[in-house]
Amino acid sequence: MSAQYKSDFLNVMQERGFIHQGSDLEGLDQKLCENVQSAYIGFDATAKSLHVGNLTGIMMLKWFQETGHKPITLMGGGTSKIGDPSFKDQSRNLMTDEMINDNLENIRDNCFRQFLRYGEGETDAMMVNNDDWLSELKYLDFLRDYGRYFTINRMISFDSVKTRLERESPLTLLEFNYMVMQGYDFVELHRRHGTILQMGGSDQWGNIINGVDLAHKAAQIQIFALTAPLLLNSAGEKMGKTVNGAVWLSPKMLSAYDYWQYFRNVEDALVGNMLARFTMLPMNEIRRLESLQGQEINEAKKILADEATKLCRGEDAAREAAETARQTFEQGMSAEGLPTVEVSQKEMSILDLLVEANLVSSKGEGRRLIQGGGAKIDDVAVTDENMTCAIAGTIKVSAGKKKHVLVKAA
RNA sequence: GGAGGAGUGGCAGAGCGGUCAAAUGCAUCUGACUGUAACUCAGACGACUUCGGUCUACGUUGGUUCAAAUCCAGCCUCCUCCA
């Protein structure tokens, strides 16, 4: 592919499928060639960890740093107190400062550090919290200085708001302010750090462009927006769940094995896309892997899982996860690297066991699982839902073909 | 302020006195087929259960009835029309 842009960064973004929409890409291209720039992406602080849904943004920042610029991770400590109304039907629960700060630390140490180099250098990453400026805003001053640039007419035309209104679900003034705050973040980051670019998923376009407009109107400065297409599965849904739930980046929240499995299990059609997005492999290699046919594409999936796990969890963890998967699926053994769960009793009913191992959420579900033939102990199907299991040493318990855990008595 | 209408399971959407734990679709889970894929097909899909049942659920609080998601009244929220 011939270089469409002058800057390395935009060429990488283009080549790897990160570009969905941008405001004045030529202007941005120019700026990126002139000198070191900073760009930011906003992240939510409502959980202890980010998840694969945030990975696209993190990779954009990583490439931004790789191509010689300064990435900024903006934590929405302040906006978390409000809650993003986008496309949600329900208002979120508000969070306390304490919870938010705890989350911020966990996210920085367990999610960002693996991908970005932080420090004081010119192209070192920086983490900021919008609570630092948002919490100090004076309501009247803010309304007067910035509120005048937002018209309700336009704000209710955004899809994020429209959805809520159309669904007749209440949208509070508090939440309605989210987009205003987010726009203001951009202006503030430009003021403090000279940041010229905000990136995000395509669902954030409206919010981002708000900041661009606000900066233009309120401070007569030109800044830029760049969004990446959302990664959707064949059913047109957002990606990001394992067989067991959300795919957390933090090792504290999800084992490397499960993380690896998530990538191993993607559907064929997405392999190429995901390789480009979530690994650092060169594009000619990716194109080769992507063109594999039939069963061979499983090799591409393994490489995807290896590379993605390496980035997030390190080489050792990736190797172990791959080995555990190989033993479990290719040899049908009970591999030692599977996630281990401790249960309270040495002897318990199969139903209690399944529930305690978190393989099912209720005994009724456990019963159904057994009736459907999906429950296995050491690879032997359980047929009697009233059976009692003696847990001597470690046993492998499976729910369905893909969920396996090792269980031992505490 | 006045007149109508609506609020049902994760979502969408039936039901409008008993046979309703509530049709159907989507989502989800399991099984079969495969390649730890997609598609397709089959089954399941509130909780607990000694598998006989028991309990909790149809905005909310009361009421009528042997019996209410279904009828009545108050309250809450939303929609439409009029002022």
Side-chain angles (χ1 to χ4, degrees), chain A residues 87-91 162-172 231-247 255-275 289-306 308-309 321-335 337-339 349-352 354-377 379-388 396-405:
Chain A
F87 310 107
K88 300 274 187 326
D89 289 334
Q90 298 268 310
S91 303
K162 240 191 318 190
T163 316
R164 278 286 276 276
L165 295 178
E166 276 167 8
R167 284 172 175 267
E168 299 176 17
S169 74
L171 176 67
T172 62
L231 200 55
L232 302 174
N233 64 18
S234 58
E237 300 158 327
K238 280 198 204 181
M239 306 286 297
K241 289 178 76 182
T242 62
V243 281
N244 273 323
V247 187
S255 70
Y257 166 78
D258 283 323
Y259 191 80
W260 193 93
Q261 278 296 315
Y262 169 72
F263 289 96
R264 175 63 185 80
N265 280 310
V266 301
E267 32 188 283
D268 291 5
L270 288 175
V271 176
N273 251 318
M274 292 185 73
L275 279 164
L289 292 169
E290 190 178 16
S291 66
L292 293 174
Q293 293 301 312
Q295 223 189 110
E296 289 185 328
I297 203 163
N298 283 330
E299 287 312 308
K301 291 185 188 178
K302 285 182 203 167
I303 290 171
L304 169 65
D306 283 345
T309 307
E323 177 57 17
T324 300
R326 195 184 64 77
Q327 289 176 10
T328 305
F329 288 99
E330 293 177 24
Q331 302 185 340
M333 305 167 37
S334 112
L338 288 171
S349 76
I350 179 66
L351 291 172
D352 288 331
L354 288 168
V355 171
E356 274 205 42
N358 274 323
L359 291 169
V360 296
S361 56
S362 71
K363 291 188 189 180
E365 195 181 320
R367 274 196 187 85
R368 280 176 239 132
L369 182 70
I370 292 169
Q371 280 158 13
K376 296 197 189 95
I377 290 180
D379 298 313
V380 179
V382 176
T383 50
D384 177 8
E385 60 188 59
N386 294 315
M387 79 178 274
T388 303
K396 181 165 91 167
V397 183
S398 314
K401 283 181 292 195
K402 291 182 187 174
K403 271 186 278 188
H404 308 282
V405 295

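Letters A, B, ... are given to chains in the order of the sequence lines, protein chains preceding strands, and every chain is numbered from 1.
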| said: Any base atoms under 4.0 Å from A:A325, or only sugar-phosphate, or nothing? Heavy atoms, all strands. | reply: base
| field | Gap in Å between the two P atoms, one belonging to B:A6 and one to B:C71, rounded | value | 10 Å
| task | Let me know the distance between CD1 of A:I370 and P of B:G31, rounded to the nearest Å. | result | 13 Å
| query | Given side chains that start at C-beta, do those of A:L289 and A:E299 come closer than 4.5 Å, heavy atoms only? | reply | no
| query | Charged N to carboxylate O below 4.0 Å: is that the case for A:R368 and A:E365? | reply | no
| field | Members of residues 297-306 of chain A that approach RNA chain B, where some heavy atom sits under 4.0 Å away | value | A:I297, A:N298, A:K301
| request: Quickly work out the A:Q327 CD to B:U36 C1' distance and round it to whole Å. | output: 15 Å
| task | Please measure how far the C1' atom in B:A21 lies from the corresponding atom in B:C45, and state the result in whole Å. | result | 12 Å
| task | Kindly compute the distance separating CZ (A:F263) from CG (A:L275), expressed to the nearest 0.5 Å. | result | 10.0 Å
| Do you know the tightest heavy-atom contact between A:A325 and A:W260? | CB-CZ3, 3.3 Å
| task | Grab the two heavy atoms, one from A:N273 and one from A:E290, that are nearest each other, plus how far apart they are. | result | N-OE2, 4.4 Å
| query | On a whole-Å scale, what distance lies between the P atoms belonging to B:U60 and B:U77? | reply | 15 Å
| With a non-hydrogen cut-off below 4.0 angstrom, is A:Q261 in contact with a base, only sugar-phosphate, or nothing? | base
| query | How far does the C1' atom of B:A14 sit from the matching atom of B:U61, given to the nearest Å? | reply | 27 Å
| If you measure from the P atom in B:U36 to the same atom in B:G31, how many Å do you get, rounded? | 14 Å
| field | Minimum-distance nucleotide (side-chain atoms of A:R368 versus B:G46, B:A38, B:U30) | value | B:G46
| field | Nearest heavy atoms of A:D258 and A:P339, plus distance in Å | value | OD2-CG, 3.9 Å
| query | CG of A:L369 versus P of B:U28: gap in Å, rounded? | reply | 17 Å
| When you match A:G400 and A:W260 each to their closest nucleotide on RNA chain B, which lands nearer the 5' end? | A:G400
| task | Report which part of the nucleic acid A:R264 touches: base, sugar-phosphate, or nothing (heavy-atom distance under 4.0 Å, all strands). | result | base
Protein-nucleic acid N or O pairs under 3.5 Å, nucleotides 48-50 of chain B:
from: B:C48; atom 1: OP1; to: A:K363; atom 2: N; distance (Å): 2.9
from: B:C48; atom 1: OP2; to: A:K363; atom 2: N; distance (Å): 3.4
from: B:C48; atom 1: OP2; to: A:G364; atom 2: N; distance (Å): 2.9
from: B:U49; atom 1: OP1; to: A:K363; atom 2: NZ; distance (Å): 2.8

| request: Round to a whole Å and report the spacing from OH of A:Y262 to P of B:U36. | output: 19 Å
| request: Using a 3.5 Å limit on both pairing distances, list the dot-bracket string of RNA chain B from the 5' end; Watson-Crick and G-U wobble pairs count, crossing pairs take [ ], interstrand pairs take |. | output: ((((((((.[[[..)..(.....]]].(((((.......))))).(((....)))...[[[[[..)....]]]]]))))))).
| field | side chain to side chain contact (heavy atoms under 4.5 Å, CB included) between A:K301 and A:N265, intermediate numbers included | value | CA-CA 8 Å; A:K301 291 185 188 178; A:N265 280 310; over 6 Å; no
| note | Here the distance between atom P of B:U34 and atom CG of A:D268, to the nearest Å, is 16 Å
| task | Mind running salt bridge (Lys or Arg N to Asp or Glu O under 4.0 Å) on A:E323 and A:R326 for me, showing each step along the way? | result | CA-CA 5 Å; A:E323 177 57 17; A:R326 195 184 64 77; 3.0 Å; yes
| field | Length of the CE-P vector between A:M274 and B:A38, whole Å | value | 13 Å
| request: Quote, to the nearest angstrom, the C1' distance that separates B:U19 from B:A67. | output: 13 Å
| field | Spacing of the C1' atoms in B:C16 and B:C26 (rounded, Å) | value | 25 Å
| message | If you define the side chain from C-beta out and look only at heavy atoms, does anything of A:I370 sit under 4.5 Å from A:L351? | response | yes
| query | If you measure from CZ on A:R264 to CG on A:D306, what distance do you get to the nearest 0.5 Å? | reply | 10.5 Å
| said: In this structure, is the centre-to-centre distance between the rings of A:H404 and A:F329 below 6.0 Å? | reply: yes
| Rounded to whole angstroms, how far apart are CZ on A:F329 and P on B:U34? | 18 Å
| said: Suppose we call a contact any N or O donor and acceptor under 3.5 Å apart; does that hold for the side chain of A:K402 and the base of B:U30? | reply: no
| Residue A:Q295, side-chain atoms from C-beta onward, closest of B:U36, B:G35, B:A32 | B:G35
| Syn versus anti for B:G52, judged by chi lying within 90° of 0? | syn
| remark: Rounded to whole Å, the CG-P distance (A:L359 to B:U28) equals 19 Å
| Position toward the 5' end of RNA chain B (nearest nucleotide), A:A269 or A:K401 | A:K401
| Pairwise P distance for B:C29 and B:C20, with rounding to whole Å | 29 Å
